[in-house]
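Numbers restart at 1 for each chain; the letters A, B, ... are given by sequence-line order, proteins then strands. All values below come from the heavy atoms of this structure, side chains included, with hydrogens, waters and symmetry mates left out.
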Amino acid sequence: MTSSHQKTFSLSTQIQISPTPLNIQACIDWIISPESGGIDVFIGTVRNATKGKPVIRLEFEAYEPMAIAEMEKIIKQAAVQWPIQKALIHHRTGVLEIGEVPVIIAVSAAHRAAAFDACRYIIDTLKQTVPIWKKEIFEDGEIWVAAHP
Amino acid sequence: MTSSHQKTFSLSTQIQISPTPLNIQACIDWIISPESGGIDVFIGTVRNATKGKPVIRLEFEAYEPMAIAEMEKIIKQAAVQWPIQKALIHHRTGVLEIGEVPVIIAVSAAHRAAAFDACRYIIDTLKQTVPIWKKEIFEDGEIWVAAHP
Amino acid sequence: MKIKVLAFGIAKDIFGGSSVSLELANDSTVYNLQYLLEQQYPKLQQLKSYMLAVNNEYALPGDTIHERDEIAVIPPVSGG
Amino acid sequence: MKIKVLAFGIAKDIFGGSSVSLELANDSTVYNLQYLLEQQYPKLQQLKSYMLAVNNEYALPGDTIHERDEIAVIPPVSGG
């Protein structure tokens, strides 16, 4: 005898890669719903320094179709691990000044634990697998982050 | 011989309890800074059901001076555990309709792990210690949440 | 001494108002006050739990109550 | 067969452009392509790591490459 567990869920997703400034309020408006009880939002921001060295600005480049495919995968992986209702990833490309926002992740769920766990999983995994690259521009030069050992 | 570790940090906090709708964009604007690399925001929302039973609306009541004192304590406890830069708690009181936002917690840090950990700690602890009470109003009655065994 | 006890949430329903005034012996403790309150308002014992706060801090049963302390009944909280 | 390899991030600097075209034997694998690329662009070996993607998916060394596949060099990612 085998026991079978069926899992049905409806998941809404919104994924966007764009060279224009991200709209946090629009992300919040999309993620809020009458079914959800908890929403976790991660907002990445451009820091003014990296390892103590002043950063002038950043440049982000994406391999867009693959980046979107990988983001979809990550959200699906999150949704099978935690009961989430909606998940959103907006990522910016191009030149970003200090304090600007390269990424917004938002996750809603009936209960907050799932929203926190899934949101953290999505940003952690995005940073490891999604084909987007960041160049740090300093006073005296520039480097592609993580490219070299 | 004893070894002494000194810990210095500058922490900005913003705590607010208010009967008017919370302003998410204002919270984000306050929390973003050139020093931060990661921001985690928790947004509580009023669900349309509790344990499967439809909810019409909620009412929140706060013992304000003590609630603010407890929120300050929680943020300090978070700041000694994780290197965070800013922390914000806005909590609403009064009548809230489905989909409205009773609470916003926002935490910024140089690195995202601290922001996630501290934000989650703050909402988890707030729900256990901060003197705010929620009444659920149903079609056929109302209850103070968690009051009775 | 005469003290005033603030009530919130379901405690307000139990007291029938947002505060009650009580006559308390000098040097009474939080425990003494709690005993008195439960005699006058037995429904407090039906709560899952409750705490007393003195001057905006959760109080312990052995804490002494002074005149003009701000005292409040804190039923199980449910904010957030 | 002639194939085009897209480059991003530091790979674009190494290739000197956003893509290169190569002549590859039919039924070549991802490993074969990688070998060829490293011969022509030895700086690829100085990267911390890199992957090849075929049709928007990370590819394994044994995967076969077909004409008209969309191929890309994926240096260490750093989004977010």
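- Interface residue Asp13(C): only side-chain heavy atoms are found under 4.5 Å from chain B.
- Annotation: Glu139(B), atom CD; neighbour count of heavy atoms from other residues, nucleotides and ligands within 6.0 Å does not exceed 12.
- Listed for the Tyr63(B) side chain is no donor-acceptor partner under 3.5 Å among the backbone atoms of Val73(C).
- Remark: Phe138(B) CZ is packed, more than 12 non-hydrogen atoms of other residues, nucleotides or ligands lying under 6.0 Å away.
- With respect to chain C, the highest number of heavy-atom pairs below 4.5 Å among Val145(B), Ile132(B), Leu58(B), Ile104(B) belongs to Ile132(B).
- The two residues Pro149(B) and Leu47(C) have their closest heavy-atom pair at CD-C, 4.1 Å.
- For a residue to count as touching a neighbouring chain, one of its non-hydrogen atoms must lie under 4.5 Å from one of that chain's; by this rule Tyr50(C) does not touch chain B.
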Let's go through Asn56(C) and Glu70(B) carefully: what are the C-alpha distance in whole Å and the side-chain angles of both, what is the deciding distance for side chain to side chain contact (heavy atoms under 4.5 Å, CB included) to 0.1 Å, and is it a yes or a no?
CA-CA 8 Å; Asn56(C) 297 324; Glu70(B) 287 295 319; over 6 Å; no

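- Crowding of Tyr121(B) atom OH: a count of heavy atoms from other residues, nucleotides or ligands under 6.0 Å exceeding 12.
- With respect to chain C, the highest number of heavy-atom pairs below 4.5 Å among Gly44(B), Pro65(B), Pro102(B), Ala69(B) belongs to Pro65(B).
- The shortest heavy-atom contact between Val77(C) and Thr129(B) is CG2-N, 4.0 Å.
- Across Glu61(B), Lys127(B), Met66(B), the residue that shares the most heavy-atom pairs under 4.5 angstrom with chain C is Met66(B).
- Within a 6.0 Å radius of CG in Asp27(C), other residues, nucleotides and ligands contribute 12 heavy atoms or fewer.
- In this structure, the side chain of His91(B) engages the main chain of Gly80(C) through a donor-acceptor pair within 3.5 Å.
- Atom-to-atom distance recorded for Glu57(C):CD and Lys73(B):NZ is 3.5 Å, nearest 0.5 angstrom.
- Contacts of Ala67(B) with chain C are absent, with no heavy-atom separation under 4.5 Å from either backbone or side chain.
- Remark: the backbone N or O of Pro75(C) is paired with a side-chain donor or acceptor of Trp133(B) at under 3.5 angstrom.
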